[in-house]
Amino acid sequence: MHSTNLPPYPTGAARNFFRRPFVFFCWSYVLLLAFLFSSQILHTQTRPSPAAAFVVVLDPAHGGADSGAHLSDGATEKDVTLALANRLRNLLEERGFTVIMTRNSDADLSDTQRAALANRAHAQACLLLHATSSGSGIHLFNSSLAPADATAPHRSFTPWETAQAGSITRSIALAAEINAAFSALTGRNAIPVTLGRTYLRPMDSLTCAAVAVEVAPLNAKDPHDRKEADSPDSIDRVARTLAWSLQQWRSHSTGAPQMDDSLNPAHADAGGKR
Amino acid sequence: MQTMSLWQRILLWSLLAGSLVMAASLLYMRERAERRLADAADAYPISAPNDAPAEPVTLEIASDADGSITPLQATMTLPAESHARVRALLERLMDEYGQPQSPHPLHGGAAVDEVFLLDISDERGHSTGTQMAVVNLHGGFVDAHPSGIAVESLTLLSIAATLHDNMPGIAQVRFLVDGQQRDTLAGHADLTHVYLTSGMPVTPPASK
Ligand SMILES: [Zn+2]
């Protein structure tokens, strides 16, 4: 008797559930949200989306007690590199880059601290910024380290002093990208570029694609038009051309087309200032 | 105490006199050796004997303007002894950089204090037939060296390439400053590395 009076539990409950459209809708919505959320997590864990952060490390060389070179006009290299890094950071952040600076103030960081900061960032490009009164134009340097042998065993341990050996091929490609951007400047805007290789700290300890960019007087051969590396015109032109080369580097690295053409050196007015 | 016999006294005095003569002659010989060493150190590296024939040498001259290194043919008299040859050659190279119109001006005075040549051996201790030149630079020269990645690297590359051209047996160069290891030449180029004289990675400037 009791059993017949009781409602047949499963079928009845299911029937009640499906009979209530609002409850059914709510449950479906929750399930849909859960599915979307989990797939999003999986997606970000497996491969970064094209819009994921493109990280650039800027290392304004010297700082604190280490003034670096003394320029002909009395400026110190440490101040010039910081001014250039700040200008470049603004240009890059406006264009969606994530920029990490090894120093934002007149701080005296060791080479090990700089390399540790840069290596933690897992950056796609690292620029070490220097300035000098010797020579002319832009000096681009890669590490003199020979490329690491990818087939060698025990590759899991990378010696700190020579960590750059594993990235040297990409570093040379990055230097070529920067060289191409400066070489596209013509006429009065032309800036000579010198490429070289050297042993330089902390570049040899960096795991990212790394290039040391040394800014010399832009027009050293003409004593009337010689512009030291700290002149506002020099900092602006160098920062804009470096930003353009990093836009190109990002475009070539991610395969995403280059939409913003505002810094393209080919559009620079050949008759005057950009 | 017993009184000594005549013969014993003669023996004692002659032994004393002998030891005094020996001490005096030792002192004299030591002074003479010191003078000779000092004279040798003064004369050692700088000047070759005037009657030695002038030899053709190649100096690899750096240029700050375009970051290049260009060979320059010259003739000079070189000492016979290999350490002295290296030092004389490098002094000649640095003289070029001290000229008023030098493409890579360096005005820190005498650059090279001393050069040592060491045989390079392989892992099993066998000689490879090549040498490492340890170039000890004067602190005054290094302190006055212009600061910059390019300008410092060019000095080191120019030295290494000049050694390679004229003494092909020298495969490696190591730099000391006043006998000590220093981190950098003037804040940039790393002096803790051994530099290879061949295959120095210098790229000419980008063509416009
Ligand atoms: Zn610097």
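These numbers come from the heavy atoms of this one structure, side chains and all, not from hydrogens, waters or symmetry mates. A note on names: the letters A, B, ... follow the listed sequences, proteins ahead of strands, and every chain is numbered from 1.
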(request) Look at the aromatic rings of B:H104 and B:Y97 and report parallel, tilted or perpendicular, splitting at 30° and 60°. (result) perpendicular
(message) Just so I understand: if I count every heavy-atom pair under 4.5 Å between each of A:H139, A:H70, A:R201 and chain B, which residue has the most?
(response) A:R201
(request) Give a yes-or-no answer on whether the side chains of A:Q164 and A:S171 include a donor-acceptor pair shorter than 3.5 Å. (result) yes
(request) Check each atom of A:D204 against the heavy atoms of chain B and say whether the ones under 4.5 Å are side chain, backbone, both or neither. (result) side chain
(request) Would you check if the side chain of A:S72 reaches a backbone N or O of A:S133 as a donor-acceptor pair within less than 3.5 Å? (result) no
(message) salt bridge (charged side-chain N to carboxylate O under 4.0 Å, His left out), that's the test. Do A:D66 and A:K78 meet it? Break it down for me.
(response) CA-CA 8 Å; A:D66 171 16; A:K78 63 174 183 176; over 6 Å; no
(request) Counting only heavy atoms closer than 4.5 Å, note whether B:H188 contacts chain A via side chain, backbone, both or neither. (result) both
(message) What part of A:E77 gets within 4.5 angstrom of chain B, counting heavy atoms only: side chain, backbone, both, or neither?
(response) side chain
(request) Determine the option with the most heavy-atom pairs under 4.5 angstrom with chain A, choosing from B:S63, B:A65, B:S153, B:A150. (result) B:A150
(request) Evaluate side-chain hydrogen bond (donor to acceptor under 3.5 Å, both in side chains) for B:Q73 paired with B:T58, printing each intermediate quantity in order. (result) CA-CA 5 Å; B:Q73 306 302 328; B:T58 306; 3.2 Å; yes
